[in-house]
Amino acid sequence: MLEVSNLSKTYGKVKAVDQVSFVVPNAQVGILLGPNGAGKSTIIKSIAGLLRYTGEIKIQGIPSRKMEARRMFAYVPEIPAMFDALTVREHIEYIRKAFDSTISDAEVDVLLHRFELDDKQDKLGNELSKGMMQKVSICCALAVKPQVILFDEPMVGLDPRAIKELKETVLELRSFGVTVLISTHMLEMVEELWDVMFVMNHGQIIGSYEKSEVGEKDLDDLFFEMTEGDK
């Protein structure tokens, strides 16, 4: 479970996020939506531990700043960053040791094959394309075997096959009881994935929905109805 309570973040005199609260339960996929400047990135970076903020974030009921919570959490950033001198395989090995992960060599092989990296595992970080870097970032996050995982615009830069694999991976994670939060503006990419949705504008949550409540309503229509109406 991911719990965000009264999260606020100010840059100088500008309040980027104002008293935001939401919960993504176990075994559910949450979607964080909002136009540019809505505050999504600030929330994502706060959850990931990259920003100072006021309020509280809990992972499986544990304050997110505690090491115990960090070991149960994985993050796929919008812009992946690689170590220039580490190979693809070494990136995953680094994560395995850093998080004391129980992932086996055979499971790593499956991950690499699934995202078409098995023949590129000896390539160095500075030799990778943007798409390959994104795939490595996803594999590293999955290597943690997290209980809560955060994806920030994960499908940007991926080829169609990788997008298909990522969607299937998200559904598998949910079936294993993992909590997933996806921040995106690519609504068509997440329509079949989400269970709960949070719409942001002007630093606040302006609407939250469960899929069962929305029924057959088009996700695009719902999003624009909320964000344009909020203006």
Side-chain angles (χ1 to χ4, degrees), residues 1-26 28-83 91 94-95 98-99 125 130 133-134 136-138 140-144 146-157 170 173 178-186 190 194 196-208 223 227 230:
M1 177 181 291
L2 173 64
E3 301 169 85
V4 176
S5 303
N6 302 315
L7 176 64
S8 294
K9 173 63 180 178
T10 301
Y11 297 99
K13 296 182 179 180
V14 177
K15 183 161 278 190
V17 174
D18 185 13
Q19 297 288 304
V20 164
S21 298
F22 63 88
V23 174
V24 185
N26 289 333
Q28 290 201 11
V29 178
I31 306 296
L32 186 63
L33 301 175
N36 290 335
K40 299 193 310 298
S41 293
T42 298
I43 289 178
I44 294 303
K45 290 176 181 177
S46 296
I47 296 171
L50 302 177
L51 293 176
R52 294 180 178 178
Y53 57 86
T54 60
E56 188 171 39
I57 298 170
K58 290 184 177 181
I59 295 168
Q60 297 298 80
I62 302 168
S64 63
R65 292 186 175 98
K66 290 186 176 293
M67 185 57 67
E68 185 182 353
R70 291 285 116 197
R71 291 188 184 279
M72 295 188 288
F73 173 80
Y75 169 50
V76 179
E78 179 180 4
I79 301 174
M82 301 285 106
F83 293 107
H91 275 87
Y94 172 81
I95 292 296
F99 284 82
K130 168 66 166 62
M133 290 171 66
Q134 187 74 345
V136 175
S137 185
I138 292 168
C140 286
L142 296 174
V144 174
Q147 295 182 39
V148 176
I149 187 167
L150 171 59
F151 294 95
D152 189 8
E153 297 289 359
M155 297 170 192
V156 174
V170 168
L173 288 168
V178 176
T179 300
V180 181
L181 178 64
I182 303 173
S183 173
T184 186
H185 67 279
M186 301 172 70
V190 297
W194 70 283
V196 291
M197 176 174 63
F198 311 101
V199 182
M200 286 198 71
N201 212 2
H202 308 305
Q204 297 180 320
I205 299 288
I206 60 172
S208 58
F223 173 72
T227 54
D230 190 56

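What you see below is based on every heavy atom in this structure, not just the backbone, and it leaves out hydrogens, waters and symmetry mates.
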Practice item. Begin from the C-alpha positions of V170 and I149 and carry the test side-chain contact (heavy atoms from CB on, under 4.5 Å) through to its verdict. Key: CA-CA 10 Å; V170 168; I149 187 167; over 6 Å; no
**Study point:** Evaluation steps, side-chain contact (heavy atoms from CB on, under 4.5 Å), between M200 and V20
**Key:** CA-CA 9 Å; M200 286 198 71; V20 164; 4.3 Å; yes
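A 4.5 Å side-chain heavy-atom check between L2 and I57 finds at least one atom pair inside the cut-off.
Annotation: side-chain contact (heavy atoms from CB on, under 4.5 Å) contacts of E78 (sequence neighbours excluded): D152, E153. Considering only residues two or more places apart in sequence or on other chains, F83 meets the ring pair (Phe, Tyr, Trp, His ring centres under 6.0 Å) condition with H91, Y94. Listed by chain and residue number, F22 satisfy the ring pair (Phe, Tyr, Trp, His ring centres under 6.0 Å) test with F198 (two or more places apart in sequence, or in another chain). Residues forming a side-chain contact (heavy atoms from CB on, under 4.5 Å) with P80 (at least two apart in sequence, or on another chain): M82, K130, M133, Q134, S137. For K15, the salt bridge (charged side-chain N to carboxylate O under 4.0 Å, His left out) partners at least two apart in sequence or on another chain are D18. Remark: Y75 pairs with no residue by the ring pair (Phe, Tyr, Trp, His ring centres under 6.0 Å) rule, at least two apart or across chains.
When every heavy atom of M72 is checked against every heavy atom of I59, the shortest pair comes out as CE-O, 3.9 Å. Of all non-hydrogen atoms in I95 and A143, the two that sit nearest each other are CG2-CB, 4.5 Å.
The one candidate from V76, L150, V29, V24 that meets the side chain to side chain contact (heavy atoms under 4.5 Å, CB included) condition with I182 is V29.
Without hydrogens or angle criteria, R71 side chain to V144 main chain gives no donor-acceptor distance under 3.5 Å.
We find the CD1-CE distance between I62 and M67 to be 12.5 Å, quoted to the nearest 0.5 Å.
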In residues 31-56, what donor-acceptor pairs under 3.5 Å come from side-chain atoms, sequence neighbours left out?
from, atom 1, to, atom 2, distance (Å)
K40, NZ, G34, O, 2.7
S46, OG, T42, O, 2.8
Y53, OH, S64, OG, 3.4
T54, OG1, S8, O, 3.4

